[in-house]
Amino acid sequence: MTGPVDDAQAMDLAVSLASLGPAHGPNPRVGAVITRPDGRIIGEGFHRGAGTAHAEVAAMETARGAGEDLTGATAYVTLEPCNHTGRTGPCADALTNAGVARVVYAVADPNPEAGGGATTLRQRGIDVELVPHQGATDLNARWFASIHLGRPYVIAKWAQTLDGRIAAADGSSLWITGEEARDHAHHTRADVDAVLVGTGTVIADNPRLSARPAGVPTAHQPLRAVMGLTETPHAKVWRDDNAIHLATRSPQEALDALASREVRTVVVEGGAQVLTAFLRAGLVDELNVYIAPALLGSGAAAIGDVGIGTMADALRGEDVTVTGLGVDCLVTAKVTKGM
């Protein structure tokens with residue numbers, strides 16, 4: 001972007017920058033833009049993942065690298081500047097020390113450990129404005145949900161036939177969907193912190209649980225979590241230390257263990273017993289259901305009894321999307337209960 005920018009243009013750019021950051025990890029995706037009082041952009045940055053410079057600091061570093069003076073500048077940030085010391089120092093301090101005169105942010109930080117930066121900056125005489133931006137909210141929707149819920153955001157994923165079967169009567173289940181749908185599922189794995197299955201799935205399928213779009217492993221690999229009481233020491237899932245055995249049948253205990261590993265998003269991939277347990281416990285936030293144009297008439301159902309006896313109590317989807325993937329389709333939805 002060339003020439004001077006107004007508040008809306010600067011925040012649009014900050015959101016675009018934020019989208020370049022990783023969707024996985026314990027931290028949100030954040031972008032920042034620094035301008036002079038005349039609207040000229042002097043710095044841009046985004047957060048590249050846990051342990052790296054926060055977006056505000058990255059933007060200030062680019063400005064300083066170009067020989068720019070930050071005194072009197074305006075910082076546009078997609079998330080309220082942090083107010084705590086974690087792997088890096090407080091951004092509220094960095095902005096203050098740089099002499100920034102004005103800070104505009106799009107979303108208040110809901111994390112009680114990091115929030116409060118806006119108040120700190122105002123107390124130091126810096127002009128601070130909250131200007132909501134839907135793009136900034138949408139970009140971190142799962143992260144925000146995880147903070148509010150106090151646990152990892154749970155995506156229940158499975159592939160099924162039109163009549164809701166995940167395996168034939170003889171137990172065969174490879175492959176229900178085609179290559180495009182399977183490739184999409186691998187992209188999803190690459191964007192989350194963990195993938196969880198039950199010991200039954202490990203014994204039956206011996207999956208690798210890696211992220212391999214187009215057959216190529218991605219740089220980020222999700223933590224592989226196996227839930228259940230049975231030991232499976234020789235399975236492929238234990239090929240390195242990026243795996244954890246959750247020795248429990250309780251979905252809540254499993255999520256507590258993952259939260260202790262800084263997992264913010266987890267895809268629960270099965271089998272049916274594990275998916276049913278999470279749904280029955282009310283611990284599923286989003287559905288990713290891949291549907292193949294096939295009928296079996298018998299065989300294993302995708303989910304079992306989730307404790308619902310009447311249509312008024314049915315689990316229903318909101319914000320539903322349907323995406324074609326070759327001959328298959330993907331239905332995604334946020335989960336709500338009741339009508």
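Only this structure's heavy atoms are used, side chains among them; waters, hydrogens and symmetry mates stay out.
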query: Got a donor-acceptor contact below 3.5 angstrom from the Thr71 side chain to the Gly99 backbone?
result: no
statement: Value for OH (Tyr153) from CG (Leu255), rounded to nearest 0.5 Å, stands at 13.0 Å
query: So, do Val267 and Pro222 sit near enough that their side-chain heavy atoms are less than 4.5 Å apart?
result: no
message: If you count every heavy atom of other residues, nucleotides or ligands that lies below 6.0 Å from Arg208 atom CZ, does the total exceed 12?
response: no
- prompt: Where is the tightest heavy-atom contact between Leu121 and Pro81, given as atom of each residue plus distance?
  reply: CD1-CG, 4.1 Å
- prompt: Under a 4.5 Å cut-off applied to non-hydrogen side-chain atoms, are Val192 and Val266 in contact?
  reply: no
query: Got a second to check how far Thr177's OG1 is from Tyr290's OH, nearest 0.5 Å?
result: 8.5 Å
message: Test your reading of the model: is there a side-chain donor-acceptor pair from Arg165 to the backbone of Gly299, 3.5 Å cut-off?
response: yes
statement: Of all heavy-atom pairs linking Glu180 and Gly326, the shortest is OE1-N, 3.1 Å
task: Check whether any side-chain N or O of Trp238 sits under 3.5 Å from a backbone N or O of Ala243 as a donor-acceptor pair, and report yes or no.
output: no
- request: Say whether, by atom type as modelled, one donor and one acceptor occur between the side chain of Gln221 and the main chain of Ala211 under 3.5 angstrom.
  value: yes
- line: Shortest non-hydrogen pair, Ala92 vs Arg124, comes out as O-NH1, 3.4 Å
query: Does the side chain to side chain contact (heavy atoms under 4.5 Å, CB included) test come out yes or no for Arg151 and Asp256, once each step is laid out?
result: CA-CA 7 Å; Arg151 60 164 174 79; Asp256 289 344; 5.6 Å; no
field: Rounded distance [0.5 Å steps], CG in Asp193 versus NE2 in His220
entry: 6.0 Å
field: Hydrophobic cluster membership, Leu95 vs Val128, 4.5 Å side-chain cutoff
entry: yes
- prompt: Is a side-chain N or O of Thr276 found less than 3.5 angstrom from the main chain of Gly304, in a donor-acceptor match?
  reply: yes
field: Path from Ile155 to Val320 over hydrophobic side-chain contacts below 4.5 Å
entry: no
message: Tell me whether the count of non-hydrogen atoms from other residues, nucleotides or ligands lying under 6.0 Å of CZ in Arg249 goes above 12.
response: no
- prompt: Under a single-linkage definition using a 4.5 Å side-chain heavy-atom cutoff for Ile, Leu, Val, Met, Phe, Trp and Tyr, are Leu246 and Val263 assigned to the same hydrophobic cluster?
  reply: yes
- prompt: Please walk me through it: do His133 and Asp12 pass side chain to side chain donor-acceptor pair (under 3.5 Å)?
  reply: CA-CA 8 Å; His133 190 294; Asp12 283 345; 2.7 Å; yes
message: Test side chain to side chain contact (heavy atoms under 4.5 Å, CB included) on Val274 and Val197; report intermediate values, then the result.
response: CA-CA 7 Å; Val274 169; Val197 298; over 6 Å; no
task: Mind listing the closest non-hydrogen atom pair of Thr218 and Pro213 along with its distance?
output: CG2-CD, 3.5 Å
- line: Value for CZ (Arg102) from CG (Asp7), rounded to nearest 0.5 Å, stands at 4.0 Å
- request: Check the surroundings of atom CZ in Arg48: do more than 12 heavy atoms from other residues, nucleotides or ligands lie under 6.0 Å from it?
  value: no
- request: Determine yes or no for a side-chain-to-main-chain donor-acceptor pair under 3.5 angstrom, with Asn111 supplying the side chain and Ile147 the backbone.
  value: no
- prompt: Do Leu196 and Val284 belong to the same hydrophobic cluster, where Ile, Leu, Val, Met, Phe, Trp and Tyr are linked whenever their side-chain heavy atoms lie under 4.5 Å apart, directly or via other members?
  reply: yes
- prompt: Between Glu80 (side chain) and Ala108 (backbone), is there a donor-acceptor pair under 3.5 Å?
  reply: no
- prompt: Less than 4.5 Å apart, any side-chain heavy atom of Glu44 and any of Leu13?
  reply: yes
message: One thing to verify: whether Lys236 and Asp205 come together as a salt bridge, which I'm taking to mean a side-chain N less than 4.0 angstrom from a carboxylate O.
response: no
query: Would one find more than 12 heavy atoms of other residues, nucleotides or ligands at under 6.0 Å from atom CD of Gln252?
result: yes
Linked, directly or transitively: Val154 and Ile303 (ILVMFWY side chains, under 4.5 Å): yes
task: Output the distance between atom CE (Met60) and atom CG (Asn97), rounded to the nearest 0.5 Å.
output: 8.5 Å
- request: Flag the pair Val131 / Tyr76 as yes when at least one side-chain heavy-atom distance between them is below 4.5 Å, and no otherwise.
  value: no
- request: Could you tell me whether Arg280 and Asp305 make a salt bridge, using a distance below 4.0 angstrom between a side-chain N and a carboxylate O?
  value: yes
query: Is there a side-chain contact between Leu279 and Leu315 (heavy atoms, below 4.5 Å)?
result: yes
task: Using atom types as modelled and distance alone, determine if a side-chain donor or acceptor of Thr248 lies under 3.5 Å from a backbone N or O of Ser250.
output: yes
- prompt: Less than 4.0 Å between a side-chain N and a carboxylate O, is that true for Asp191 and Arg142?
  reply: no
query: Do Met227 and Pro251 come close enough that some side-chain heavy atom pair is under 4.5 Å?
result: yes
- request: Could you check Val268 against Leu275 for side chain to side chain contact (heavy atoms under 4.5 Å, CB included), going step by step and ending with a plain yes or no?
  value: CA-CA 7 Å; Val268 178; Leu275 287 164; 4.0 Å; yes
statement: In short, Arg224 meets Asp240 closest at the heavy-atom pair NH2-OD1, 2.6 Å
query: So Trp143 and Arg29, side chain to side chain contact (heavy atoms under 4.5 Å, CB included) or not? Walk me through it.
result: CA-CA 9 Å; Trp143 186 87; Arg29 302 164 88 178; over 6 Å; no
task: For the residue pair Phe144 and Leu79, establish whether any side-chain heavy-atom pair is separated by less than 4.5 Å.
output: yes
- request: For Asp163 and Leu295, indicate whether the former's side chain and the latter's backbone hold a donor-acceptor pair under 3.5 Å.
  value: no
task: Would you check if Thr78 and Val107 make a side-chain contact, meaning some heavy-atom pair closer than 4.5 Å?
output: no
- request: Starting at CD1 of Ile42, measure out to CG of Asp69 and round the result to the nearest 0.5 Å.
  value: 8.0 Å
task: State whether the number of non-hydrogen atoms from other residues, nucleotides or ligands found under 6.0 Å of Gln273 atom CD is greater than 12.
output: no
His47 (side chain) donor-acceptor with Ala53 (main chain) under 3.5 angstrom: yes
